[in-house]
Amino acid sequence: MISADLIVAGCQQLLTCRGPAPKRKNGLQDLGVIEDGSIASNKGTIVFTGTEKEMNTKVRKSPECVEINGKGLVGLPGLVDCHTHLPFAGSREQEFLLRLQGTTYQELAEMGMGIQSTVRHTREASKAEIVSLCQQRLDTMLLHGTTTTEAKSGYGLNLKDEIKQLEALREVDRVHPVDIVSTFMGAHEVPKEYKHKKQEYIKLLTQKIIPAVKSKGLAEFFDVFCEQGVYSLEESKILIRAGKKAGFKIKIHADEFTSLGGAQLAAAEEAVSAEHLIAISEEGIQKLSNASTAAVLLPGVPFFLMQNKRAPSRSLIDSGAAVALATDFNPGSSMTESLFFIMQLGVYTQEMSVEESIHAVTLNGAYAVDRHQSAGSLEPGKKMDMILCKAPNYPYLVYHFGVNPVQHVIKDGKVVVKNRTIQ
Ligand code: NIG
Ligand code: FE
């Protein structure tokens, strides 16, 4: 008999999303569903998944065992948000109103608003303020089922303020149940002090800031915004090479508005992920189809920016790319913490199936932040990070849109959200 200190018995359906990761093509259709599914964990690690009947013969409850009745609930892995800009100060609803009157996101950026305006607010904020903002946002994420999130700096754009953002992330990671995967994104924009001397800022990044951030152990990934008017393909390559040399794993904001070839660069540089991809070329799709690089799609962005373009999810999936979905949570192009909403956008606006979009925010999301060994699926040996949603079956999670289905959240084997309330 296996000993367990937490069991969830008799879910309507248990979606294990079992690997191997990443899932591609038709593999994305099989969610590893167990009807009348049960799961047990011990000291934060999953020890059993199967039917309730099987569990009764194989699992012995320890004296202090916590038991949850899964009736009326669908269980699935804790969601993994593999692309966010979490540690920012201020908000940009005034720009949103200007956009409603017809000014575009890029025009706002050219007017010195956009990312630069969040840089101003973030530079002015203290570390304690950023910690507190992150805490509130992580609470919202947790209540909406996210148990692991990536988080990028990139609103400091100088050594001091980038480090302030990353240290805030480290502090909040220590006290909050949601796991944070940190990304250094000093190459998110060109700071306004370097507007006419971008090469100097690139030098500062490659020679000073990148090695300094690495030596402090503040981030695992390095990310660059490869885009017309920001960093060209050639500049992105120089930055990525410096990031790799320092020991970072790589992510790239690639082909978001213009087709610069960021996807090809990501594949060639063996980046862990290429993100956005709305303007990806045929060649880019082909390069990602057999690459280890994940294709992270962010349908909240064209929705929030009210653009008709979409990332070509169907071509990417059908050609074999490892597709994940994420919120891109940020104040300028996607102001939402809800991965359920993003999953719904994947289905309603990007021709993805329900099964593909669930995998895209669980196992493939975990793959896109290199956490697939421990998170993203419900399998013995992995961390007990799971959510229980009020629904009769899993298609209902997308069918009933725009509301939060999450009833309970379990993180590292502990119930951290019970009846929609953080414990
Ligand atoms: O992923 N594309 C660049 N960065 C963000 C937007 C950041 C902002 O507008 O503040 C993005 O869309
Ligand atoms: Fe982004």
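Remember, it's a predicted structure, so these values are computed and weren't measured experimentally. Whatever order the structure lists them in is the order used to number ligands and atoms, beginning at 1. For this chain, numbers begin at 1 and follow the sequence in order.
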Out of F225, Y155, F257, Y105, who gets a non-hydrogen atom closest to atom 6 (C) of ligand 1?
->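 Heavy atom nearest to atom 6 (C) of ligand 1 belongs to Y105.
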Exam field: side chain E95 to backbone G114, donor-acceptor pair closer than 3.5 Å =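 Pair found, side chain donor or acceptor close to backbone of G114.
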Tell me, yes or no, whether the heavy-atom count around E270 atom CD, taken from other residues, nucleotides or ligands under 6.0 Å, exceeds 12.
->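 For E270, atom CD is not crowded (no more than 12 foreign heavy atoms under 6.0 Å).
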Within 6.0 angstrom of K390 NZ, more than 12 heavy atoms from elsewhere =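 12 or below, so no.
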Where ligand 1 meets [X] - atom numbers and elements under 4.0 angstrom, heavy-atom basis:
X    : result
H188 : 3 (C), 4 (N), 5 (C), 7 (C)
R92  : 8 (C), 9 (O), 10 (O)
H253 : 1 (O), 2 (N), 3 (C)
D328 : 1 (O), 11 (C), 12 (O)
N330 : 5 (C), 6 (C), 7 (C), 8 (C), 9 (O), 10 (O), 11 (C), 12 (O)

Identify, for atom 12 (O) of ligand 1, the protein heavy atom at the shortest distance, and state residue, atom and that distance.
->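 For atom 12 (O) of ligand 1, the nearest protein heavy atom comes out as S333 OG, 2.6 Å.
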Quick one: nearest non-hydrogen protein atom to atom 2 (N) of ligand 1, plus distance?
->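 I find the closest protein heavy atom is E256 OE1, 2.7 Å.
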Will you find, in the side chains of [X] and [Y], an N or O donor that is under 3.5 Å from an N or O acceptor?
X    : Y    : answer
S182 : R170 : no
S273 : K251 : yes
H188 : H253 : no

Taking 2.8 Å as the upper limit, name the protein N, O or S atoms near the Fe ion (ligand 2).
->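 Listed by chain and number, the atoms are H83 NE2, H85 NE2, H253 NE2, D328 OD1.
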N/O donor to acceptor pairs below 3.5 angstrom from side-chain atoms of residues 304-312, sequence neighbours left out:
residue : atom : partner : partner atom : Å
R310    : NE   : T349    : O            : 3.4
R310    : NH1  : Q307    : O            : 2.9

Positive for side chain to side chain donor-acceptor pair (under 3.5 Å) with T183, one of H83, H85, E150 =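 Passing option: E150.
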Derivation and outcome, side-chain hydrogen bond (donor to acceptor under 3.5 Å, both in side chains), residues Y394 and Q12 | CA-CA 9 Å; Y394 73 80; Q12 300 301 122; over 6 Å; no
Determine, using ring centers only, whether F88 and H121 are less than 6.0 Å apart.
->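 Distance test on ring centres: not under 6.0 Å, no.
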Tell me whether the centres of the aromatic rings in F341 and Y348 are closer together than 6.0 Å.
->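 So the answer is no for these two rings.
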Look at ligand 1 and say whether E275 reaches it with a heavy atom at a distance under 4.0 Å.
->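 E275 does not count as a contact of ligand 1 under the 4.0 Å cut-off.
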State if E227 counts as touching ligand 1 under the rule of any non-hydrogen atom under 4.0 Å.
->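 No; E227 lies far enough from ligand 1 that no heavy-atom distance drops under 4.0 Å.
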